[in-house]
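Here the structure is a predicted model, which means the values were calculated and not measured. Worth knowing before you read on, the calculation uses all heavy atoms, side chains too, and leaves out hydrogens, waters and symmetry mates.
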Amino acid sequence: MSQAVKNYTFSLPIELLDRLKNYSNDGYVSSVNSAVKEAIESYVKSLEKQKLFKEMQAAAQDPLFMSDIQDAMNDFSYTDFEAIKETDK
């Protein structure tokens, strides 16, 4: 299934756009548009990781969250031990 797309206008430095065009012409990317799309996807993924890291840092300061994590670790400690025994064989 294809994703909906929307055209959007960006202002880019001419030198950067020229470099992208050269990479496209040399076959490193299929088009300038695809290179910009990939770069934005990579940047958004990086932002999402940063956001998750900050959320996990905040959660680590929450005693109730940490207690729940400890309870879950305790609940699975036997199965974790069994799995480790299986990999040692």
Pairs touching residues 29-41 that satisfy salt bridge (Lys or Arg N to Asp or Glu O under 4.0 Å), sequence neighbours left out: Lys37-Glu41
Report whether Met73 and Met56 are members of the same hydrophobic cluster (ILVMFWY, side-chain heavy atoms less than 4.5 Å apart, transitive linking). yes
Starting from Leu47 and following side-chain heavy-atom contacts under 4.5 Å between hydrophobic residues (I, L, V, M, F, W, Y), which residues can be reached? Tyr43
At what distance, to the nearest 0.5 angstrom, does CD of Glu55 lie from CD of Glu48? 10.5 Å
Mind listing the closest non-hydrogen atom pair of Ser24 and Val32 along with its distance? OG-N, 4.0 Å
Nearest-0.5 Å distance, CD1 of residue Ile14 to NZ of residue Lys21: 9.0 Å
For a 4.5 angstrom cut-off between non-hydrogen side-chain atoms, does Leu17 reach Phe10? no
Residue list, ring pair (Phe, Tyr, Trp, His ring centres under 6.0 Å) with Tyr28, at least two apart or on another chain: Tyr23
Inter-residue atom distance Glu15.CD - Leu20.CG, 0.5 Å rounding: 10.0 Å
Pairs meeting criterion salt bridge (Lys or Arg N to Asp or Glu O under 4.0 Å) with involvement of residues 57-70, two or more places apart: none
With sequence neighbours left out, the residues meeting ring pair (Phe, Tyr, Trp, His ring centres under 6.0 Å) with Phe65 are none
Just to verify, what does Lys54 make a salt bridge (Lys or Arg N to Asp or Glu O under 4.0 Å) with, not counting sequence neighbours? none
How far does CD of Gln57 sit from CG of Leu52, to the nearest 0.5 angstrom? 10.5 Å
The reported gap from CD in Gln70 to OG in Ser77 (rounded to nearest 0.5 angstrom) is 9.5 Å
